[in-house]
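To start, the structure under review is shown below, and the notes come after it.
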There are 2 protein chains.
Amino acid sequence: MEEGTSKSPSKRPSTVNHGDADPFQWDTREDCQVRQILDRIADKWSLLVIALLENRRLRFTELRREIDGVSQRMLTVTLRSLERDGLVKRTVHPVVPPRVEYELTSLGRTLHATVQSLVTWTEKHQGEIAAARAAYDSRTADAAEATAP
Amino acid sequence: MEEGTSKSPSKRPSTVNHGDADPFQWDTREDCQVRQILDRIADKWSLLVIALLENRRLRFTELRREIDGVSQRMLTVTLRSLERDGLVKRTVHPVVPPRVEYELTSLGRTLHATVQSLVTWTEKHQGEIAAARAAYDSRTADAAEATAP
DNA sequence: CAGTATCCTGAACGATACTG
DNA sequence: CAGTATCGTTCAGGATACTG
């Protein structure tokens, strides 16, 4: 598992370079914290895990069953990332067979609350977005049809 | 440009399958709107573009200069996606040389406002996250050192 | 049960060259 | 100026097999 460790730390090709006095430092720097957090929660599974753990602590297999599309490997990678960032607490019970439980930390719960505003926004505006997409696609289709009929 | 068009529409391998009555429909379905929105704004450049357009309308080259790490290709792809979703308005002025200006739509502005809460959360908690990472990494390093010295 | 370790594929992205 | 077209690389993530 090299990517789990390399995912966050190995990201400074110093591409984005703005530099000057700017009211938007938070988004113009490559190592921007916001971007890192967004990358964390917007990846394929993190949000699902956070949402499921919001209710109750769950075991590895329970999470797997709930999400079900996730591969064993990616669930592990996702959980490790969340644990590393202090969003999820991992508890190993020294029994056999092993029993490992995951739960949100208090930090994880505050993140979930914040994400809710995004969820709310999306639910409120998904109609507009769908309409915009449909409009754009039909416009594009028309243009293509007019160009190469 | 195949990926620009395929980016959003070609995403239903119907992997995540939960099904049963669940208070979390918004996050367990593969075609989840929240996930789509997150994918849009969390990609490499969208957030930067939205942030820059929050202030003023900008031309293609101006955006390119501001972001500067972005390739011509990705800026185009990003702008097209944002336009398709109704977050950004594209205006072509029929002059020569061409003059194309981009600005946020009202929908785009409301999204920016929503994202701000995430930014605020991040600024507030980045210390905790950094600490959690450092703690996790040192723990991990210790374990590795104890296993294979 | 809860993982690791490998291998492999597709697609995201960058670099480059060309155009209305 | 503001793109489009093509090519090559990288790497996230799935499939599979093996362990404490």
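In what follows, chains are A, B, ... by sequence order, proteins preceding strands, each numbered from 1. Every value quoted in this text rests on a predicted model; they were computed, and no experiment measured them. What's counted below: heavy atoms across the whole structure, side chains too, no hydrogens, waters or symmetry copies.
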Nearest-angstrom distance from the residue atom [atom1] of [X] to [atom2] of [N]:
X: Lys44(A); N: dC11(D); atom1: NZ; atom2: C1'; result: 14 Å
X: Leu58(A); N: dA2(C); atom1: CG; atom2: C1'; result: 15 Å
X: Met74(B); N: dT10(D); atom1: CE; atom2: P; result: 17 Å
X: Leu79(B); N: dT4(D); atom1: CG; atom2: P; result: 10 Å
X: Leu75(A); N: dA12(D); atom1: CG; atom2: P; result: 18 Å
X: Leu63(B); N: dC1(D); atom1: CG; atom2: P; result: 14 Å
X: Glu101(A); N: dC1(C); atom1: CD; atom2: P; result: 14 Å
X: Glu62(A); N: dC1(C); atom1: CD; atom2: P; result: 11 Å

Kindly say if [X] contacts the phosphate of [N], meaning a side-chain N or O under 4.0 Å from OP1 or OP2.
X: Arg80(B); N: dA2(D); result: no
X: Arg59(A); N: dA2(C); result: yes
X: Arg64(B); N: dA2(D); result: no
X: Arg90(B); N: dG3(D); result: yes
X: Tyr102(B); N: dC1(D); result: no

Looking at residues at least two apart in the chain, or sitting in another chain, which of them share a side chain to side chain contact (heavy atoms under 4.5 Å, CB included) with [X]?
X: Arg109(B); result: Glu54(B), Leu104(B), Ser106(B)
X: Thr61(A); result: Arg65(A)
X: Val96(A); result: none
X: Ala42(B); result: Leu38(A), Ala42(A)

- Residues which pass salt bridge (charged side-chain N to carboxylate O under 4.0 Å, His left out) with Glu83(B), listed by chain and number, not counting sequence neighbours: none
- Item | Those residues that, when tested against Arg90(B), pass salt bridge (charged side-chain N to carboxylate O under 4.0 Å, His left out) (two or more places apart) | none
- Does the distance from a Lys or Arg side-chain N to an Asp or Glu carboxylate O, for Arg59(A) and Glu101(A), drop under 4.0 Å? no
- Message: Between the side chains of Arg64(B) and Glu66(B), is the shortest nitrogen-to-carboxylate-oxygen separation below 4.0 Å, so that they form an ion pair?
- Response: no
- Query: Which dot-bracket string fits DNA chain D when only Watson-Crick or G-U wobble pairs with both atom distances under 3.5 Å count, crossing pairs get [ ], and | stands for a partner on a different strand?
  - Reply: ||||||||||||||||||||
- Task: Write out all pairs satisfying ring pair (Phe, Tyr, Trp, His ring centres under 6.0 Å) with one or both partners inside residues 119-139 of chain B, taking only residues at least two apart or from two chains.
- Result: Trp121(B)-His125(B)
- Message: I need a per-nucleotide contact map over nucleotides 15-20 of chain C, read 5' to 3'. Cutoff is protein heavy atoms under 4.0 Å; write B for the base, S for backbone only, - otherwise.
- Response: B-B--B
